[in-house]
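Heads up, the thing below is written out as structure tokens.
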Amino acid sequence: MLMVLGYNIGPLLAQSVLGMVNGAFYALLSLGLAVIFGLLNIINFAHGALYMLGAVVSWWLLTYLGIGYWPSLVIAPILVGAFGVVLERTMISKLYKLDHLYGLLLTFGIALIVEGLARNEFGSSGLPYAVPAALRGATKLGFMIMPTYRLWVVVASFVICMSTWIVLEKTSIGATLRAATENAALVQAFGVNVPRLVTLTYGSGVALAALAGVMAAPVYSVNPNMGSDVIIVVFAVVVIGGMGSILGSILTGFSLGLLEGFTKFIYPEASGVVVFVLMIAVLLTRPAGLFGKAS
Amino acid sequence: MSASTSSTYWGFTKAQIVALVIMLAVIAIAPTAVYPVFLMKVMCFALFASAFNLLIGYVGLLSFGHSAYFGMGCYIGAYAAKAWGFPAELCVILAGVVAAAMGAVFGAIAIRRQGIYFAMITLALAQFTYFLCTQMAFTGGEDGIQQVPRPFLLGMFSLSSDMAIYWMVAGVFLIGFFGIFRIIHSPFGQVLKAIRENEPRAISLGYRVDQYKLIAFVLSTFIAGAAGGMKALVFGIATLSDVTWQSSGEIVLTTLLGGLGTIFGPAIGAVIVNTLQFYLSPFGSWVTITQGIIFVTCVMLFRRGVIGELADKLKIAL
């Protein structure tokens, strides 16, 4: 066995790669938060609850309609995204002229309602969601054997994140979006329907959260509390990365998952707090975040 | 919010004096009609919400992790009473001091960012505290600290009867309430409001806003911790539930519902939220759902809260 600093390198690498699974979800969620924040200037506190809703909808589709994992990957984000569009049109859009804190408070209230209803419906214990047949078993990676489904989560989430980045950076719709982030009034003057753009952006961000939820269902089982457990860590991720850069938030998400996995091997008790400790360190040295622009 | 009209009494306007008299009368009479332990709980949370309101209402800082200080106050108060046999007043003061020390460290970190980042950082730091509380030995982990004996006040007055400790809680609540009122109406408080209204301008006027924010944060966490220590003495228990983010959310709700930046709002908010909890607790998650609905309704329809709307209708400051 290869040794580094007295640790077996094999199990260390294995834990780190497993940490990447958490990192995949951090990346997807912080990406959605960053996209929404860029245009709407609100922190979507409901993001965790909508991620949970994605998982619940996919479970619901399977249990009551017999619709499996693969169609769910498309249907659940569309349904939850549509719910997001309704939320934005009926409530969030009324708050843009106010202090940004009200957006946070409103979405926090929405999160409480969604989670409370889910707990009412399903209780606090998790509902099992079977891994799809094609992704069962394990894959040999040379240094470790990894459950195929987890490998899929890491790869798929990476592909989704990078596609989102490409859409934002390289397409004309992405260019319009970035322009509206810089100066919405000017973009509106060019004839772009900015309110609709804002609504669709919120819907897409929410759909990303729901997609993460569908992918998380077989890993963590479907649980009404799964969203609030993860969202606070994602907030810390967002503070560490800074929301100025899309690529930055993706990178930070994956790296922090890796760091968590790493810590789980070296000092397991600290794995729950390592992200927060890093957040403190970053705030002390680079208050704007690793990829953020100084305000 | 400050009414610096000609006729103020120690900074209170006439309307506020009337409200104050009503509040004192309620505190004095209510225990004859309502279960005193419930009233004590309300006063602990009213003090906690008033401390939170000092930040959101008067400095414009949304601390979304204030339960960390309240919950730590609970643990310290319970531990000091049980393990060290401290008298009641020392338990409460020590709870405040430890929470304030924590607030000084966390506040210094959090004020490095503004706006919603500040809210996210305070929330993350509170979650950090929660994890620490699950691990540290003195908190008792999942069990918490249970069966805390009610200590003596000043080492001689027994607090074992509910009415005896009721008067102590009422006293501490009123001291905290007046303390916050004086902070708000002091020259220091005026600077805090200036920072809330226009931070760059306060900086250009030569105020070191970071120091002002930090002092306000420490004061707020001191009061929150003392309120927590008091709650631990009343119930004889300190558990993880007081350190959770849900508990942080509840105090935001309490203050928002009562009225951000009003003197009496947090107390009214604490009455409403605790009453709702009392009646809804048999229905499990309906507490959460109702709280969510109140949040949404407040933000969408009446952002000034109950007291804020009332004050606006009557054209007075409350």
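Predicted model only: the values in this text are computed from it and were never measured. The chains referred to below are lettered A, B, ... by the order of the sequence lines, with proteins before strands, and numbering in each begins at 1.
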Original post:
Of the non-hydrogen atoms in B:V296 and A:I113, which two are nearest, and what is the gap between them?
Top reply: CG2-CD1, 4.0 Å
Original post:
For B:S285 and A:N120, which heavy atoms make the closest approach, and how far apart are they?
Top reply: OG-OD1, 2.9 Å
Original post:
What part of B:Q291 is in contact with chain A, defined as an atom under 4.5 angstrom from a non-hydrogen atom: side chain, backbone, both or neither?
Top reply: both
Original post:
What residues of residues 243-255 of chain B sit under 4.5 Å from chain A when you count only heavy atoms?
Top reply: B:W245, B:G249, B:V252
**OP:** Select one option (side chain, backbone, both, neither) describing which atoms of A:I43 are under 4.5 Å from chain B's heavy atoms.
**Re:** both
**OP:** Measure distances from B:I294 to the heavy atoms of chain A and classify the residue's part below 4.5 Å as side chain, backbone, both or neither.
**Re:** neither
Subject >> Exercise: identify the closest heavy-atom pair between B:R303 and A:L95 >> reply: NH1-CD2, 3.7 Å
**OP:** Using modelled atom types only, decide if a donor and an acceptor are shared between the side chain of B:R112 and the backbone of A:L283 within a distance under 3.5 Å.
**Re:** yes
Original post:
Using non-hydrogen atoms only, which part of A:D99 is less than 4.5 Å away from chain B: side chain, backbone, both, or neither?
Top reply: neither
Original post:
Is the count of non-hydrogen atoms from other residues, nucleotides or ligands lying under 6.0 Å from A:Y96 atom OH greater than 12?
Top reply: yes
Original post:
So which part of A:Y102 gets closer than 4.5 Å to some heavy atom of chain B, the side chain, the backbone, both or neither?
Top reply: both
**OP:** Can you tell which part of A:M279 gets under 4.5 Å to a heavy atom of chain B, answering side chain, backbone, both or neither?
**Re:** side chain
Original post:
Roughly how far, to the nearest 0.5 Å, is CZ of B:F295 from CG of A:L104?
Top reply: 8.5 Å
**OP:** Answer yes or no: are there more than 12 heavy-atom neighbours, outside A:Y220 itself, under 6.0 Å from its atom OH?
**Re:** yes
Subject >> B:I289 side, atom CD1; A:L112 side, atom CG - distance, nearest 0.5 Å >> reply: 10.0 Å
**OP:** Answer with side chain, backbone, both or neither: which region of B:Y130 has an atom nearer than 4.5 Å to a non-hydrogen atom of chain A?
**Re:** neither
